Colleague: 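Below is a structure I'd like to ask you about.
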Amino acid sequence: MPQHSPHAIPEGDPFGPDALPYGVFTTPDAPDHPRIGVRHGAFVLDVATAAAEHGSPYADLLDQPVLNPLMAAGRPVWEAVRAEIRGLLDAGVLPGGYARSLDEVTLHLPFEVADYVDFYASEHHASNVGRIFRPDSEPLTPNWKHLPIGYHGRAGTVVVSGTDVVRPRGQRKAPSDAAPSFGPSLRLDIEAEVGFVVGTPSPGPVPLEAFRDHVFGVCLVNDWSARDIQAWEYVPLGPFLGKSFATSVSAWVTPLEAFDAARTAPPSRTYPLLPYLDDSASPEPGGLDLRLEVRINGEVVSRPPFSAMYWTAAQQLAHMTVNGATLRTGDLFASGTVSGPEPDQLGCLLELTGGKGPWLADGDEVVITGWAPGRDGSRVGLGEVVGRVRPATA
């Protein structure tokens with residue numbers, strides 16, 4: 001890109017040519033024409049228009065209101081489209097007249113969510129929560145190190161970054177109360193997570209080695225949690241209303257191949273794994289070195305490391321489908337709360353405060369950002385996920 005370009009980005013910007021996440025945007029002059037864009041520094045590149053004007057065979061896939069058609073096209077097409085965009089950057093065609101400032105566009109939920117699964121893949125998080133809720137028992141349940149624990153969430157309440165989150169109402173019961181009460185959650189929490197977006201569908205099980213053929217990209221997630229509602233309802237079937245009111249995702253989905261330089265070995269496993277989960281002979285490391293940061297009202301409260309996650313995304317996908325469950329384009333599965341071993345690496349208020357609070361107040365704004373090591377010392381950015389708490393409705 002020419003140095004005099006008005007759309008040049010600073011050296012070292014995490015949204016440089018190694019990142020190039022996809023999103024969907026509209027502009028004030030065309031509010032009824034949502035289309036796919038690519039983030040480049042503080043700009044959105046209108047790759048849909050650029051592709052059409054330069055005779056790209058992928059123009060129709062990019063001029064879409066959601067990423068789903070592009071994601072469904074499969075890995076060879078994903079790689080070809082990304083290579084074409086990088087080629088247009090190298091040739092100086094992009095940014096050119098195809099760049100719009102982030103502050104002048106409206107960003108939308110980038111993909112239509114098919115199904116949503118939330119896992120519980122951090123040993124540090126699961127152990128901390130176990131010690132809080134079961135102080136006289138083993139922190140981890142007996143099954144935890146043999147399979148990735150998860151539950152099916154509600155796809156219809158996945159919202160794009162920047163969407164306000166209304167404090168949920170529901171049943172609550174403190175141990176000292178004789179009967180449950182009903183009202184707004186008094187223990188509203190965050191969960192800093194990493195999400196994986198499925199592109200290519202599958203009629204059945206997806207083995208570990210097929211992970212790259214099915215997962216299109218990565219996004220940050222805040223899986224909000226009403227701890228008091230959840231504590232009363234979750235026995236015996238697990239999370240329900242305490243989790244289903246809102247899940248915030250980034251407006252940007254970063255292609256999986258952008259993280260090739262961030263691959264890292266997962267923590268050592270305590271027990272031998274069953275063959276469908278055994279990644280010990282995998283030709284490439286299954287973990288990802290993603291560095292998250294959580295801010296509440298502008299103050300950094302945590303920097304969780306995704307590299308500490310016990311279960312990898314490939315293992316989560318393998319387990320999610322091993323019973324014959326199908327995959328659909330737009331399926332989203334999230335890692336569960338990302339927490340590390342240090343006090344400043346905990347991904348939720350439940351852990352950060354030992355279950356005592358304070359919890360989120362009305363008006364609080366939560367911002368989760370992240371990045372990964374790229375090639376030659378560069379950084380690959382993950383699009384932020386932002387949400388502000390609004391009071392409960394009557």
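What you see below is based on every heavy atom in this structure, not just the backbone, and it leaves out hydrogens, waters and symmetry mates. Quantities reported herein were computed from a predicted structural model and do not represent experimental measurements.
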Colleague: Tell me, with the steps shown, if R167 and D362 meet salt bridge (charged side-chain N to carboxylate O under 4.0 Å, His left out).
Modeller: CA-CA 8 Å; R167 183 179 297 274; D362 292 346; 2.8 Å; yes
Colleague: Examine V322 and M320 and state if one hydrophobic cluster contains both, with Ile, Leu, Val, Met, Phe, Trp and Tyr joined whenever side-chain heavy atoms are less than 4.5 Å apart.
Modeller: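 Per the 4.5 Å side-chain linkage, V322 and M320 are co-clustered.
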Colleague: Inspect the surroundings of CZ in R131 and state if more than 12 heavy atoms from other residues, nucleotides or ligands are less than 6.0 Å away.
Modeller: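 Count over threshold, so yes.
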Colleague: Report the distance from atom CG of N128 to atom CG of L350, rounding to the nearest 0.5 Å.
Modeller: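 If I round to the nearest 0.5 Å, the distance is 8.5 Å.
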Colleague: Looking at R134, I'd like to know if its CZ atom is crowded, meaning that more than 12 non-hydrogen atoms belonging to other residues, nucleotides or ligands lie closer than 6.0 Å.
Modeller: yes
Colleague: Are F245 and V385 co-members of a hydrophobic cluster defined by side-chain heavy atoms under 4.5 Å apart?
Modeller: yes
Colleague: Does the side chain of S56 come under 3.5 Å of the side chain of E84 through a donor N or O and an acceptor N or O?
Modeller: yes
Colleague: Would you sort out whether E284 and R212 count as a salt bridge (charged side-chain N to carboxylate O under 4.0 Å, His left out), showing the intermediate values?
Modeller: CA-CA 11 Å; E284 62 181 16; R212 278 179 172 269; 3.0 Å; yes
Colleague: With rounding to the nearest 0.5 Å, note down the distance linking CD in E112 to CG in L332.
Modeller: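 So the gap between those two atoms works out to 13.0 Å.
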Colleague: Should we count CZ of F240 as having more than 12 external heavy atoms under 6.0 Å?
Modeller: no
Colleague: Within this structure, what is the CZ-OG distance for the pair F43 and S101, rounded to the nearest 0.5 Å?
Modeller: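 It is 6.0 Å, given to the nearest 0.5 Å.
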Colleague: Cation-pi check for W371 against R379: NZ or CZ below 6.0 Å from the six-membered ring centre and within 45 degrees of the axis, yes or no?
Modeller: yes
Colleague: Tell me whether L109 shares a hydrophobic cluster with V165, the cluster being built from Ile, Leu, Val, Met, Phe, Trp, Tyr side chains joined at under 4.5 Å.
Modeller: no
Colleague: Decide if atom CG of D60 counts as having more than 12 heavy atoms of other residues, nucleotides or ligands within a radius under 6.0 Å.
Modeller: no
Colleague: Is a side-chain donor-acceptor pair under 3.5 Å present for T49 with D46?
Modeller: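 Yes, side-chain donor-acceptor contact under 3.5 Å.
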Colleague: For the hydrophobic clusters of this structure (ILVMFWY residues joined by side-chain heavy atoms under 4.5 Å, transitively), does one cluster hold both V338 and V218?
Modeller: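 Same hydrophobic cluster.
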Colleague: Are Q315 and Y276 linked by a side-chain donor-acceptor pair shorter than 3.5 Å?
Modeller: no
Colleague: If you take the centroid of each ring, where Trp contributes its six-membered ring, are Y22 and F216 closer together than 6.0 Å?
Modeller: yes
Colleague: Please name the pair of heavy atoms, one in P239 and one in E233, separated by the smallest distance, quoted to 0.1 Å.
Modeller: C-OE2, 4.0 Å
Colleague: Just how far is it from atom NE2 of H125 to atom SG of C348, taken to the nearest 0.5 Å?
Modeller: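 If we round to the nearest 0.5 Å, H125:NE2 and C348:SG are 5.0 Å apart.
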Colleague: Please confirm whether Y271 and H146 have ring centers closer than 6.0 angstrom.
Modeller: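 Under 6.0 Å, so yes.
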Colleague: Are H33 and D63 close enough that a side-chain donor and a side-chain acceptor fall under 3.5 Å?
Modeller: yes
Colleague: By the definition ring-ring contact (aromatic ring centres under 6.0 Å, His included), identify the one residue from F196, Y151, Y120, W311 that meets it with F333.
Modeller: F196
Colleague: Can you confirm whether the side chains of Q316 and S335 place a donor and an acceptor under 3.5 Å from each other?
Modeller: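 No, S335 and Q316 have no side-chain donor paired with an acceptor closer than 3.5 Å.
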Colleague: Say whether T141 and N143, considering side chains only, have a donor N or O and an acceptor N or O under 3.5 Å apart.
Modeller: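 Short answer, yes.
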Colleague: So how far is it from R291 CZ to Q345 CD, rounded to the nearest 0.5 Å?
Modeller: 10.5 Å
Colleague: Check the surroundings of atom CG in D376: do more than 12 heavy atoms from other residues, nucleotides or ligands lie under 6.0 Å from it?
Modeller: no
Colleague: Would you please say whether a donor-acceptor pair under 3.5 Å links the side chains of N68 and T329?
Modeller: no
Colleague: Side chains of D289 and T264 only: does a donor on one sit below 3.5 Å from an acceptor on the other?
Modeller: no
Colleague: Step by step, would you call Y310 with W144 a ring pair (Phe, Tyr, Trp, His ring centres under 6.0 Å)?
Modeller: CA-CA 10 Å; Y310 191 89; W144 198 92; 5.4 Å; yes
Colleague: Does the side chain of E351 come under 3.5 Å of the side chain of S339 through a donor N or O and an acceptor N or O?
Modeller: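 Yes, side-chain donor-acceptor contact under 3.5 Å.
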Colleague: Can T200 and D213 be counted as having a side-chain donor-acceptor contact under 3.5 angstrom?
Modeller: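 T200 vs D213: no donor-acceptor pair found between side chains.
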Colleague: Distance from W224 atom CH2 to I190 atom CD1, nearest 0.5 Å?
Modeller: 7.5 Å
Colleague: Can you tell me if H152 has over 12 outside heavy atoms packed within less than 6.0 Å of its NE2?
Modeller: no
